[in-house]
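Below you'll find the structure, written out as structure tokens, and then a few comments.
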Amino acid sequence: MDILDQDIKYLPGVGPTRKKMLSNELGIETYGDLLEYYPYKYVDRSKVYTIHELSGDMPFVQVVGHILSFETFAMGPRKERVVAHFTDGTGICDLTWFNGGKYAKQNYKIGTQYLVFGKPTVFNNRINFTHPDLDKVDSEQWRVENGQLTVDSGLLRMQPYYNTTDKMKKSGLNSRAIERLTKTLIEKLPPLPETLPPFICNAQHLMERDEALRTVHYPQNAKDLEHARLRLKFEELFYIQLNILRYASDQRRKYRGYVFSTVGDVFNTFYNQYLPFPLTGAQKRVIKEIRKDMGSGRQMNRLLQGDVGSGKTLVALMSMLIAIDNGYQACIMAPTEILAEQHLQTIMGFLKDMNLRVALLTGIVKGKRRQEVLDGLLDGTINILVGTHAVIEDTVQFARLGFVVVDEQHRFGVAQRAKLWSKSANPPHVLVMTATPIPRTLAMTLYGDLDVSVIDELPPGRKPVQTTHIIDTRMTSLYDGIRRQIHEGRQVYIVFPLIEESAKSDLKNLEDGFEVLKESFPEFRLSKVHGRMKPKDKEEEMQKFVRNETQILVATTVIEVGVNVPNASVMVILEAQRFGLAQLHQLRGRVGRGADQSYCILVTPLKLSEDTRKRIDIMCETNDGFRIAEADLKLRGPGDLEGTQQSGMAFDLKIADIARDGQIVQLARDEAQKIIDEDPECKSERFALLWHRLRQLRKTNINWAAIS
Ligand code: ADP
Ligand code: MG
């Protein structure tokens with residue numbers, strides 16, 4: 001048996017009670033689990049001072065010496081202050097306890113050698129440490145000669161701090177206790193085998209695994225610690241990447257992609273005759289990337305990122321035309337009915353003079369109409385299907401489905417993507433479009449099996465949206481601004497927050513707010529849309545706004561995704577503090593779609609938490625979706641990012657941090673890619689160590705296996 005699989009109860013200092021506590025509170029069952037329970041921070045204890053050197057303005061420091069005597073001072077009834085006079089031969093200082101003095105007197109012995117850690121202050125002209133940490137040391141470990149202190153290097157280190165729960169702390173299993181356990185464990189363990197091949201360790205200058213695991217719990221200095229952490233982070237990220245790339249390579253070998261070799265009449269006619277404006281450079285580049293994939297003989301799995309309004313739909317459409325040119329059908333899937341409807345209109349608008357059959361399939365297409373669509377798909381007369389999730393139902397069968405576009409990935413998980421594949425002999429090419437920019441490092445991990453294209457350029461003539469933050473007591477001037485815009489012919493969104501947990505009161509807020517707004521704007525017409533309305537009513541209200549029959553749309557975030565009303569120029573977000581950055585950015589993307597200057601107004605109460613203030617500031621500062629996504633990742637951590645839950649992948653990293661360790665992700669990805677390139681079938685003897693380790697990890701770590 002691998003010693004790391006040993007039950008934690010056998011570790012000296014654990015026993016049945018602590019075993020239960022460790023298992024219940026931290027999920028630690030084995031030696032290996034404890035070894036991988038890494039400290040969350042360290043305090044530098046790599047230097048020891050002489051008492052003579054100390055001053056009151058130093059930060060936390062340590063000294064070494066012994067206690068000369070104890071003194072006790074009464075501080076009112078049943079309360080006392082205990083002072084130990086402490087010396088190292090260069091001077092005397094005091095160690096003071098206001099609480100737990102009795103315990104200190106019993107535990108610490110006069111004449112015994114201690115390493116003392118604390119914050120020095122000056123009291124009564126003497127250096128004083130209040131409630132210091134004391135660790136026993138041997139007298140051979142240090143000496144003072146001519147006022148010079150020499151300390152055994154074994155005393156010097158960075159002190160680790162481990163996360164523990166309140167329950168654990170109450171039973172004495174605090175950070176120091178865990179530290180003692182890991183120390184015992186490390187002393188017990190034989191040298192641990194290496195899990196990365198030497199050529200990678202050498203290329204990346206990585207510390208050996210055995211040394212890294214010991215050092216991360218018991219580092220002597222900051223430099224060693226950094227090396228150890230780098231090694232462990234790299235390893236963690238490397239195996240994740242190796243797993244993803246292995247999966248992608250597997251898929252690639254299992255399925256051949258349709259080869260779309262021609263760009264023919266349909267594409268060219270559209271491009272030369274009906275394209276109403278020149279493509280942006282970014283659109284051209286991405287279409288080229290897609291064409292190349294489609295012609296390569298392998299199945300395309302591409303993520304297309306582009307800010308709202310960057311023209312992704314057109315790119316999708318032109319890619320669909322290539323599929324049609326090669327005799328295949330194409331399909332585009334949107335997350336909501338409203339969006340599907342809008343895609344249909346956009347696409348029919350672009351294609352109105354071409355002889356192509358475009359159809360819609362959503363939950364509300366029923367009966368005879370639905371049957372017509374199903375027939376048309378099966379006999380191949382429908383060229384393009386626009387739809388919602390309804391499209392992946394088993395009853396929907398295509399004659400020759402060659403290309404699928406999935407709009408707004410974060411509502412559409414990996415499993416659903418896979419379901420598409422059952423619809424044709426070979427899997428269709430897949431283009432996933434998202435307007436929620438995902439930082440590169442996260443994309444590599446979340447959608448690691450996808451190639452990534454980016455539209456990083458807006459169509460010309462767009463004016464960046466101006467974003468301002470106002471306090472909710474200044475609504476009158478906001479209303480004046482809204483009135484001016486509407487008198488100039490524009491339209492306005494007003495968004496109320498609505499979250500599941502407080503849906504009832506949120507909804508009431510919206511209803512009340514709607515009445516107030518109606519009274520405030522008697523000269524205009526208002527629409528109201530929220531998630532609890534019947535789809536048909538919702539649709540009707542949306543359409544009124546789209547047709548400019550209403551000037552103000554009061555809504556919850558149902559409008560968040562994709563609606564296109566170029567005439568709308570103001571986005572007011574009430575209680576903006578309750579929205580995440582990604583959501584705010586999405587909402588803002590609803591305006592600024594026409595040639596006019598647009599505005600986004602974030603309304604909050606006066607008092608804001610620090611994080612909220614940062615979110616609001618970022619929004620006011622930039623329109624750049626990628627910068628916002630990076631900031632979001634830093635503020636929230638990857639686990640909270642919209643999309644990570646739905647996509648079925650939990651982040652359970654033990655030491656790496658996707659937000660901060662982007663560079664390491666990239667290095668790990670590159671190394672993993674080289675290996676897959678050399679050994680795509682994962683069976684070369686040369687990499688046996690890696691494949692073995694990967695199998696081991698996939699077996700033991702449930703969350704981790706969910707990546708594929
Ligand atoms: P996205 O889906 O990326 O949010 P859309 O595809 O909806 O963006 O495009 C937003 C608007 O910009 C649409 O009205 C579209 O017709 C227009 N558009 C797209 N590409 C261009 C271009 N190259 N030049 C001018 N307008 C464009
Ligand atoms: Mg769109």
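Hydrogens, waters and symmetry mates play no part in the numbers below; they use all other heavy atoms, side chains included. Start at 1 and go down the list; that is how both ligands and their atoms are numbered.
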With a cutoff of 4.0 Å, is [X] in contact with ligand 1, counting heavy atoms of the residue only?
{"X": "Ser310", "answer": "yes"}
{"X": "Pro278", "answer": "yes"}
{"X": "Asp307", "answer": "yes"}

Answer side chain, backbone, both or neither: which part of [X] comes under 4.0 Å from ligand 1, heavy atoms only.
{"X": "Ile455", "result": "neither"}
{"X": "Thr280", "result": "both"}
{"X": "Gln283", "result": "side chain"}

Contacts of type salt bridge (charged side-chain N to carboxylate O under 4.0 Å, His left out), residue Glu549, not counting sequence neighbours
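Partners of Glu549 under the salt bridge (charged side-chain N to carboxylate O under 4.0 Å, His left out) test: Arg547.
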Partners of Asp325 by salt bridge (charged side-chain N to carboxylate O under 4.0 Å, His left out), sequence neighbours excluded?
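By the salt bridge (charged side-chain N to carboxylate O under 4.0 Å, His left out) rule, Asp325 matches no residue at all.
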I'd like to check which ligand 1 atoms, numbered from 1 as shown, lie under 4.0 Å from a non-hydrogen atom of [X].
{"X": "Thr313", "value": "2 (O), 5 (P), 6 (O), 7 (O)"}
{"X": "Arg462", "value": "10 (C), 11 (C), 12 (O), 17 (C)"}
{"X": "Gly311", "value": "1 (P), 3 (O), 5 (P), 6 (O), 8 (O), 9 (O), 19 (C)"}

Is the distance between the ring centroids of Tyr328 and His429 less than 6.0 Å?
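For Tyr328 and His429, the ring centres are not under 6.0 Å apart.
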Sort out for me which residue in Leu344, Leu360, Val405, Ile324 forms a side chain to side chain contact (heavy atoms under 4.5 Å, CB included) with Ile384.
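Exactly one option meets the side chain to side chain contact (heavy atoms under 4.5 Å, CB included) with Ile384, and it is Ile324.
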Is any side-chain heavy atom of Leu602 closer than 4.5 Å to one of Val572?
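With C-beta onward as the side chain, the pair stays apart.
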